[in-house]
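Beneath this line is the structure, given in structure tokens, with notes to follow.
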Amino acid sequence: MENLRKILGRRITEMRKSLKLTQADLAKEIGVSSPQIISQIEQGKREVGAWELAKFAKILRTTTNTLLDIAEPKPLPEVLWRRIPEQEEIKKADFLKHCQEYHDLERLNDIAPYENVPREKMDFNKADYQDITQLAERISRDISLGARPAAMLERALEDRYGVKVWYMYLGKDGSAASTVGTFGYAILMNSMEALWRRNYNFAHEVFHLVTWYSEKPDVLRNDEQLWQKVERFAEFFASCLLLPGDPLTLAFDKRIKKSSINYTDFIEIAREFDVSTEALLYRLLNLRRLTRKDVDRLLGDPQFRDMDRSTMSKSWWSPPELPERFVRLAFIAYKKGRITRARLARYLNTSLFDLDDLLKEYGLNDREDCKIKVRYT
DNA sequence: GAGCAATTGCCATTGAATTC
DNA sequence: GAATTCAATGGCAATTGCTC
């Protein structure tokens, strides 16, 4: 038993340090009065009670099984951040824990393996914008995104490829992240983003997933010049994916009357494609439908900016606390008897008392299920 | 078996020493 | 200087042994 105590202590130390917490921080979170107690636990000199173990698991973003497992835990998957957020380690641990839970729910529901996310092995040093355009066209065709891709993209990646999408507050200056692990592909989005920016960021992260195996994340992190280039590619990819050339030029050309076009038409097209007006204008510049002078004049015109802003508030969208698909999977696993009601509440990060209210928010009702006989051939 | 006192072991607290 | 560890001390709950 002594050995198990030491293993548990060592594991707590490792996980605490990976989250950049001190013994004093952990003592405060756990609810013990002094860091000396944490020191004793980490050295295997003090027993850990069952309720304490559960608290350690929650605070260290892991499971009691992992804390007690004799086998060495596998290294955590890399997370590719757009911009490193505050408390990166905590956010990374939360994100990866959600991804694992998501995957566990998929398995509990016997969900068959998904189609593989299209992969592109790209040499970022040699690639050019023509390659990125072709890649966006290919991905758009593979995923069958159609003429208005933004409306389809997230749903298609979730349902068809099992990409896990999670929303979290990542600060006001905007960030997002992507990762690939044993749980599959996952994207972390900033819950503070407006709809049009969100779509763009999402498409940006899709680029990182598609090219995930082109270069190791730590290589990208340590080569600033290369990273900047890849980020420009990702932005351009997002632009091409969400604003496909033919449908966009068609939408643009049909609004031209006597060689001119109204400000409201630009705004309408941007809303139609669910992107910002800036993104639209730069894409039209790229497609040679506008000149650099036109774009600068529009973006510098306060009247255009006012008209644009006045239509934004109506389109504001705030994501649900938990992904709807994740809630649905947890609920179905519960209804099938694969998880208890208490575990369902834990997955949904709520209490048993508030569980029904939370389910109702997602349009789910904990009524007794019924069966009908069907003919099966 | 119930009640009580003595014993034991674990834990929290405090202050000081050591390590990083 | 902050974080961590060590050692001493007291409190509390569980256990043990005894008496009725």
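Proteins get letters first, then strands, A, B, ... in listed order; numbering begins at 1 in each.
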- Task: Identify, with sequence neighbours excluded, every residue that meets salt bridge (Lys or Arg N to Asp or Glu O under 4.0 Å) alongside A:Glu101.
- Result: A:Lys97
- Task: List the protein contact pattern of nucleotides 3-9 of chain C with one symbol per nucleotide (5' to 3'): B for base contact, S for sugar-phosphate-only contact, - for none; contact means a heavy-atom distance under 4.0 Å.
- Result: SSBB---
- Query: For residues 133-147 of chain A, which residue pairs qualify under side chain to side chain donor-acceptor pair (under 3.5 Å), counting only residues two or more places apart or in two chains?
  - Reply: A:Glu120-A:Arg138
- Task: For the pair A:Arg289 and A:Asp253, evaluate salt bridge (charged side-chain N to carboxylate O under 4.0 Å, His left out) and give the outcome as yes or no after the intermediate values.
- Result: CA-CA 9 Å; A:Arg289 282 294 191 279; A:Asp253 291 348; 3.0 Å; yes
- Message: Could you tell me if the side chain of A:Leu287 sits less than 4.5 Å from the side chain of A:Phe252, heavy atoms only?
- Response: no
- Message: Measure CZ/A:Arg46 against P/B:dC10 and give the value in whole Å, please.
- Response: 12 Å
- Message: Without decimals, in angstroms, what is the distance between A:Ile37 CD1 and B:dT14 P?
- Response: 10 Å
- For residues A:Tyr185 and A:Trp212, establish whether the separation of their ring centroids is below 6.0 Å. no
